[in-house]
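Numbering of residues begins at 1 and proceeds along the displayed sequence. Only heavy atoms go into these numbers, but all of them, side chains included; no hydrogens, no water, no symmetry mates. Being a predicted model, the structure only gives us computed values, none of them experimental. In each ligand, atom 1 is the first atom listed, and ligand 1 is the first ligand listed.
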Amino acid sequence: MHLTHLLLLSAPGLLLAADPALAPRALPNALSGGYAPTIIPCPADRPRVRDGSRISANETAWLPLRRRATVEPMIDFLTRAGLPGFDVAAYIRAAAPDGTTDFSALPNVAIAASGGGYRALMNGAGFVAAADSRTAGATGKGGIGGLLQSSTYLAGLSGGGWLVGSIMVNNFSTVEALRDGGPEKSIWEFDSSIFAGPRERGLRVLNTAGYWKDVVDQVDEKRDAGFEASLTDYWGRALAYQLIDAPNGGPAYTFSSIADTPAFQAGDVPFPILVADGRSPGEKLISLNATVYEFNPFELGTFDPTTYGFAPLKYLASNFSAGVIPPSGSCVTGFDSASFVMGTSSSLFNVFLLQNITGTTPSDSGIPKIAIDAVLGVLTDLDASSNDIAQYAPNPFLSWSPATNPSAGSPHLDLVDGGEDLQNLPLTPLLSPLRSVDVIFAVDSSADTPNNFPNATALRATYERSLSPIANGTLFPPVPSARTFVNLGLNARPVFFGCNPSALPAGPVPPLLVYVPNAPYSAWSNVSTFTSSYPAEQRDAIIRNGYEVATQGNGTIDAEWPACVACAVLSRSLERTGTPVPEVCGRCFERYCWKGETDEVDRGAQGQICVREHQNE
Ligand SMILES: *[C@@H]1O[C@H](CO)[C@@H](O)[C@H](O)[C@H]1NC(C)=O
Ligand SMILES: *[C@@H]1O[C@H](CO)[C@@H](O)[C@H](O)[C@H]1NC(C)=O
Ligand SMILES: *[C@@H]1O[C@H](CO)[C@@H](O)[C@H](O)[C@H]1NC(C)=O
Ligand SMILES: *[C@@H]1O[C@H](CO)[C@@H](O)[C@H](O)[C@H]1NC(C)=O
Ligand SMILES: *[C@@H]1O[C@H](CO)[C@@H](O)[C@H](O)[C@H]1NC(C)=O
Ligand SMILES: *[C@@H]1O[C@H](CO)[C@@H](O)[C@H](O)[C@H]1NC(C)=O
Ligand SMILES: *[C@@H]1O[C@H](CO)[C@@H](O)[C@H](O)[C@H]1NC(C)=O
Ligand SMILES: *[C@@H]1O[C@H](CO)[C@@H](O)[C@H](O)[C@H]1NC(C)=O
Ligand SMILES: *[C@@H]1O[C@H](CO)[C@@H](O)[C@H](O)[C@H]1NC(C)=O
């Protein structure tokens, strides 16, 4: 019905294109057919901002479809994982009997991919590939394939947002498909840097000047339509050429269109969430009290007690005031470009772009002067510390929650990279008791230590935040210091946190956290955050390393690892239903749960001493 309508309206050229590599993707449904938003008459049911006291009606309506769709994959996955003496099928079917709409006993699984640029995309991709039953070998011995199909939420932040966005915008493509592509082109071609641009289809040559001219033209279209542009527009458009499988990085693809795809509507794919932080007017540094915003296919907003509201994503840049569009006002669509959303979550990289542009001369980089001038032209010359912002103007939360929303009086909402508050894992939206998540697989590719491995700074930030009023009553299990993480090697293998919820303060039980840190198993996956290009072999080796971490070398490090993943999935559900824990789970929790051990001795290590290498070449 209206999907076809939008397709026809927007991009007739795409429908005529014969390139088979164009097929698998979401919807280029921006009405302009390009990057520019469009002003339209408002629908009869006028879009409005809602408060944060519940999840959206759209998500509420979608969840039963997804929860139902996870039942069979979960039975398959848990059965393969091996839980002797436990009747998986009987348990899961009883938790979600045919015809029920009450899924409260069924495990509710989330995966969260941290920031960390291309390192985070590649390492996170290794985890997702291992969790995906469609990946060759993933359901074999020692595999955890099917965990992705059992998941309800898939969250990403910054580089992890590139991963989640790229998968979701490209019709839930597999990591293998995004990596290997079709005969003419893969999507994730990182050997040619984002500054040089992609190799053209067929000819396989670089056309850096043409690429940058296109990017500048696309952003100009947005400006010509009457909307302000910030550095993030350029950054996001450039990213799109590496993440969205469509000509010119698919300028018409919107994030909200994910909700219009048949797979999403059928509940066949998880609910994607990308995270960004709010920067209050005049604020230079982002603190833990910053408002954490989420983008999902339906909305941009937050449960935090500051802004405490959600705006319909599809109608961003309409003139909302106190949550409503004035009766005489029009609506805007197409502002929520998928590339702008991915660029917002990773806006720290604006500076990366800026450094390259300012440090370069057209003759040696091939970047044309008009592109350099255009990018430099949007700099806030009064305030260079604002160059990392993504500007949402007009502000969807203008005059909304004025007593508590720091941006209520501002004509624009400034959002920045979700990792700037040190919460480099997109956990906040998954911790809301309203979402009832049972377990989060938190894949951490942060570069905390001097040699670019994580030491769980992200978890400590979220724990600290949970003690402050900004957390609005959401709980998070305590986690040890960086030194303990490093000394005990807790950053070199998976660790479970919050195994024993009765040890937590009273309140809604938070999810069990399965911390999956990036560590070298089969490759040096600790590449620097600001490396801009990766040969295909290196990309593949890092993805594979992420896979080995996720599966603990297909169970060669711990044959019970898949069972332990299954136990983590089941844990909260077993507690709720008062079901005895399978024997193997007792052993797993003994091995993987953090039970309060610490080691604070300063051993002067680089930060990553205990490397459990798994070189099987
Ligand atoms: C999206 O993926 C599904 C499942 O693989 C497939 O059936 C469908 O044809 C794909 N859609 C497009 C537009 O390629
Ligand atoms: C969200 O729900 C509203 C109200 O039921 C509906 O009109 C709208 O189409 C839904 N949006 C999406 C993207 O499904
Ligand atoms: C684990 O399985 C995957 C998929 O079959 C394979 O690519 C990888 O080499 C295996 N790793 C080990 C350590 O066996
Ligand atoms: C956050 O706000 C609380 C009060 O609401 C305050 O006690 C705390 O110091 C603030 N933290 C930061 C990092 O600004
Ligand atoms: C969260 O914040 C909102 C807005 O300040 C408030 O109405 C609500 O009661 C808070 N919820 C909890 C659990 O504290
Ligand atoms: C929003 O308000 C501004 C300022 O009054 C106006 O220029 C713009 O056209 C309005 N946008 C829409 C879509 O009505
Ligand atoms: C910018 O990127 C280009 C292409 O990758 C590279 O050749 C150039 O050295 C970079 N310039 C700076 C200053 O980083
Ligand atoms: C842990 O990471 C933080 C950065 O996130 C760093 O400042 C600190 O020095 C690290 N500490 C250790 C012991 O690795
Ligand atoms: C990766 O880790 C190894 C081992 O600590 C170290 O020698 C190497 O310098 C690190 N690489 C980067 C890019 O940090």
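T449 and N451 form a side-chain donor-acceptor contact under 3.5 Å, judged by distance and modelled atom types alone.
Using cut-offs of 30° and 60° for the angle between ring planes, the F340 and F335 rings count as perpendicular. Classification of the F485-F497 ring pair by plane angle, with boundaries at 30° and 60°, yields tilted.
Note: an N/O pair closer than 3.5 Å links N451 and ligand 9 by distance alone. Residue contacts with ligand 9: N452 is placed with a nitrogen or oxygen under 3.5 Å of a nitrogen or oxygen of the ligand (distance criterion only).
For ligand 4, the atoms closer than 4.0 angstrom to any heavy atom of S287 are 14 (O). For ligand 9, the atoms lying closer than 4.0 Å to a non-hydrogen atom of F453 are 2 (O). The atoms of ligand 4 that sit less than 4.0 Å from any heavy atom of P469 are 5 (O).
At least one donor-acceptor pair under 3.5 Å links the side chain of D233 to the backbone N or O of S230. Listed for the N395 side chain is a donor-acceptor partner under 3.5 Å among the backbone atoms of S407.
Annotation: side chain of P477 is in contact with side chain of L504 (closest heavy-atom distance under 4.5 Å). Residues V416 and E283 are not in side-chain contact: their nearest non-hydrogen atoms beyond the backbone lie 4.5 Å or more apart.
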Measure and list all N/O to N/O distances between ligand 6 and the protein that fall under 3.5 angstrom.
| unit_1 | atom_1 | unit_2 | atom_2 | d |
| --- | --- | --- | --- | --- |
| ligand 6 | 2 (O) | N319 | OD1 | 3.3 |
| ligand 6 | 2 (O) | N319 | ND2 | 2.3 |
| ligand 6 | 11 (N) | N319 | ND2 | 2.9 |

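For CZ of R48, the number of neighbouring non-hydrogen atoms (other residues, nucleotides, ligands) closer than 6.0 Å is 12 at most.
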